[in-house]
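For reference, the structure discussed in these notes is given below.
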Amino acid sequence: MLFNSINFFIFLPIVLLFYWFVTKRNLKAQNLLLLVSSYFFYACWDWRFLFLLIFSTLLDYFTGLKMSDSQNRLMKRFWFWISVTINLSFLGVFKYYNFFADSFADALRQIGFHINPWTLKLILPVGISFYTFHGLSYVIDIYNDKIKAEKNFIDYSVFVSFFPLLVAGPIERATHLLPQIQKKRTFDYSKSVDGLKQILWGLFKKIVIADQCAEYANIIFSNSENFSGSTYFLGALFFTFQIYGDFSGYSDIALGTARLFGIELLRNFAFPYFSRDISEFWRRWHISLSTWFRDYLYIPLGGSKVGIWGKVRNTFIIFLVSGFWHGANWTFIIWGLLNAIYIMPSIVLGTNRNNLEIVAKGKHLPTISEFLSILLTFILTVFAWIFFRSENVKLAFYYISQIFSPSVFKAPYFPGIGYILPLMFFLFLFVLIEWIGREQQFAIATFGNKCPRFLRWIFYYLIILSLFYFADSNQQFIYFQF
């Protein structure tokens, strides 16, 4: 069930109606309704994988209880590794087995041995990386005595499978979400309005920006031997806006939907394309994953408390694992490696925390220096996304080589280029609104508040009209494959 589908906009009001009016603010009934609704939501993708989600939930629930009840560290460690091993095994089989099998066979071919690897014809369960990381953070926190095991199975299951975040995050922590699940929730009109606005902006990002950019990015990336260097660069730009509009749009819809239920999820994006360096970009892009790797991998490795070579090692490990998390393809690993190289100067020089505040805070425009820093960071990001989007490494290098060919000075051209003017207009409008609203939780949180009410409603209706105008694409969210 896609967030940008008719089915979801039938499903959501029905659940909200039962949640606020039928359960009569009974916390147990509300949580049970959320769990049943979440399982139904997930089963709409493929009901068979619902059993995998339930098994993963049961595994972490019972191992969490066993860890809390353990009288000695040895037994606690035993149950901890049971959970981690089984979780990562499921993730490894479904997501990475074929990658390792094919890579091993390719390595043997390089030294003269030819084998046909045995591969599995498996469908990747949607959201497996996200709900696996939910469970892992929970058992790790119990193991480190940061939290106590949750005894209420319904409450814990809602934490893992709450449908707004189930298939593509944000990756929640038990310390943040479980207390909200266990606390009585009352309807808050202002929060609900805020949630609806965030949903509206998320839909605009997905349908008007991401899906339209995807149409042209797909044409260029799928026929990359036929175009000029300028067209290749235009395709990379389209994908850059596609992946941001798609993923941050999903996150906006998820956060807005959760707010309708009186629940606040972790923020996942904070205007990353306005970053002045790569360190700032990664503090603003997919925040829940970046902080997950920071807390559960980077800091346990020693973090920044080690020597300079230790910092370099830890940074490369984090970005390589991040690339691998995104998918079983060497393109993702190179994408992670490239970002590690980008960020390395700031790690070595100790400037990685220079830009903690949003750019030009309290001002209308950035300084020339800030603008050039944003532009450089954006261009570096665009080139990294080429590896992320390409089907294989060979095509990625070919794509980049063509950008640096003399044909980059030719006017871009591809079939259908005459129809991109409306998209370019919406991209300009999108960047402008994001810039104006960059100090808020999402771009239109307070947009137009100083204007007369009728002008604000005109603005919202124009967004809604644009959604209906472009709604025929209905493409799946990119991060569902991860």
Side-chain angles (χ1 to χ4, degrees), residues 1-23 29-54 57 123-131 157-158 160-170 172 192-193 195-215 242 245-263 265 268 460-461 463-482:
M1 189 186 300
L2 294 171
F3 277 172
N4 54 329
S5 68
I6 296 296
N7 290 340
F8 181 73
F9 285 98
I10 295 173
F11 165 80
L12 181 59
I14 292 173
V15 177
L16 282 169
L17 182 67
F18 276 85
Y19 183 82
W20 288 120
F21 296 103
V22 177
T23 61
Q30 283 183 332
N31 288 345
L32 181 61
L33 175 66
L34 286 180
L35 182 60
V36 172
S37 302
S38 297
Y39 282 165
F40 174 79
F41 178 85
Y42 192 79
C44 287
W45 299 101
D46 192 323
W47 64 268
R48 295 169 297 178
F49 291 128
L50 178 60
F51 297 103
L52 183 63
L53 170 62
I54 294 173
T57 304
I123 301 171
L124 181 66
V126 66
I128 187 171
S129 296
F130 291 92
Y131 67 70
S157 299
V158 173
V160 175
S161 59
F162 185 39
F163 73 87
L165 57 77
L166 178 55
V167 293
E172 274 288 346
S192 296
V193 170
L196 288 172
K197 287 197 291 185
Q198 192 162 9
I199 292 171
L200 183 64
W201 189 239
L203 288 169
F204 180 85
K205 286 182 177 181
K206 168 61 179 170
I207 295 172
V208 180
I209 301 301
D211 287 357
Q212 306 318 306
C213 284
E215 183 177 339
Q242 177 197 350
D246 193 284
F247 194 21
S248 70
Y250 175 93
S251 295
D252 279 338
I253 299 169
L255 268 68
T257 301
R259 202 168 289 129
L260 297 179
F261 292 94
I263 293 173
L265 299 181
N268 219 14
Y460 298 140
Y461 279 124
I463 291 179
I464 293 169
L465 286 174
S466 70
L467 297 180
F468 280 105
Y469 182 78
F470 290 109
D472 58 343
S473 53
N474 203 34
Q475 297 190 37
Q476 186 164 304
F477 289 86
I478 291 175
Y479 266 69
F480 285 4
Q481 63 186 294
F482 306 135

Minimal non-hydrogen separation, [X] against [Y], with atom names:
X: Ala210; Y: Gly245; result: CB-C, 3.7 Å
X: Trp45; Y: Phe41; result: CD1-O, 3.5 Å
X: Ala254; Y: Pro164; result: CB-O, 3.2 Å
X: Leu165; Y: Pro170; result: CB-O, 3.8 Å
X: Val15; Y: Leu33; result: O-CD2, 3.8 Å

(request) May I have the step-by-step check of side-chain contact (heavy atoms from CB on, under 4.5 Å) for Asp252 and Ile199, ending in yes or no? (result) CA-CA 6 Å; Asp252 279 338; Ile199 292 171; over 6 Å; no
(request) Check the pair Val126, Leu166 against side-chain contact (heavy atoms from CB on, under 4.5 Å), reporting the backbone distance first and the verdict last. (result) CA-CA 9 Å; Val126 66; Leu166 178 55; over 6 Å; no
(request) Quick one: sort the Phe247 and Phe130 rings into parallel, tilted or perpendicular, breaks at 30° and 60°. (result)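 Ring orientation, 0 to 90° scale: perpendicular.
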(request) Report the relative orientation of the aromatic rings in Phe11 and Phe8; use parallel for angles under 30°, tilted for 30 to 60°, perpendicular for over 60°. (result)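 Plane angle between 30° and 60°, so tilted.
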Between [atom1] of [X] and [atom2] of [Y], what distance do you get to the nearest 0.5 Å?
X: Gln30; Y: Leu35; atom1: CD; atom2: CG; value: 13.5 Å
X: Thr23; Y: Phe18; atom1: OG1; atom2: CZ; value: 10.0 Å
X: Ile263; Y: Thr257; atom1: CD1; atom2: OG1; value: 11.5 Å
X: Ser248; Y: Lys206; atom1: OG; atom2: NZ; value: 11.0 Å

Quick check: does any side chain N or O of [X] sit under 3.5 Å from a backbone N or O of [Y], one acting as donor and the other as acceptor?
X: Ser38; Y: Ser161; result: yes
X: Gln198; Y: Leu255; result: no
X: Ser466; Y: Ile463; result: yes

(request) Applying ring-ring contact (aromatic ring centres under 6.0 Å, His included), run through Tyr250 and Phe3 and close with a yes or a no. (result) CA-CA 8 Å; Tyr250 175 93; Phe3 277 172; 4.7 Å; yes
Residue pair [X] / [Y], side-chain heavy-atom distance below 4.5 Å:
X: Ile54; Y: Leu50; result: yes
X: Phe468; Y: Ile207; result: no
X: Leu265; Y: Phe162; result: yes
X: Phe470; Y: Asp211; result: no
X: Leu12; Y: Leu260; result: yes

(request) Report the C-alpha distance between Leu32 and Val158 in whole Å, list the side-chain angles of each, state the deciding distance to 0.1 Å, and finish with yes or no for side-chain contact (heavy atoms from CB on, under 4.5 Å). (result) CA-CA 8 Å; Leu32 181 61; Val158 173; over 6 Å; no
(message) Counting neighbours of CD1 on Ile6 that are heavy atoms of other residues, nucleotides or ligands and sit closer than 6.0 Å, is the number greater than 12?
(response) no
(message) Is it the case that atom CZ in Phe9 sees more than 12 heavy atoms from other parts of the structure closer than 6.0 Å?
(response)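 Counting other residues, nucleotides and ligands, CZ of Phe9 exceeds 12 neighbours.
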(request) Show the numbers, then the answer: is there a side-chain contact (heavy atoms from CB on, under 4.5 Å) between Ile10 and Ile14? (result) CA-CA 7 Å; Ile10 295 173; Ile14 292 173; 4.0 Å; yes
(message) Out of the candidates Tyr39, Phe40, Phe261, only one should pair with Phe163 under the ring pair (Phe, Tyr, Trp, His ring centres under 6.0 Å) rule; please name it.
(response)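 Of Tyr39, Phe40, Phe261, ring pair (Phe, Tyr, Trp, His ring centres under 6.0 Å) with Phe163 is met by Phe261 alone.
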(request) Look at Lys205 together with Asp246 and state whether they make a salt bridge at an N to O cut-off of under 4.0 Å. (result) no
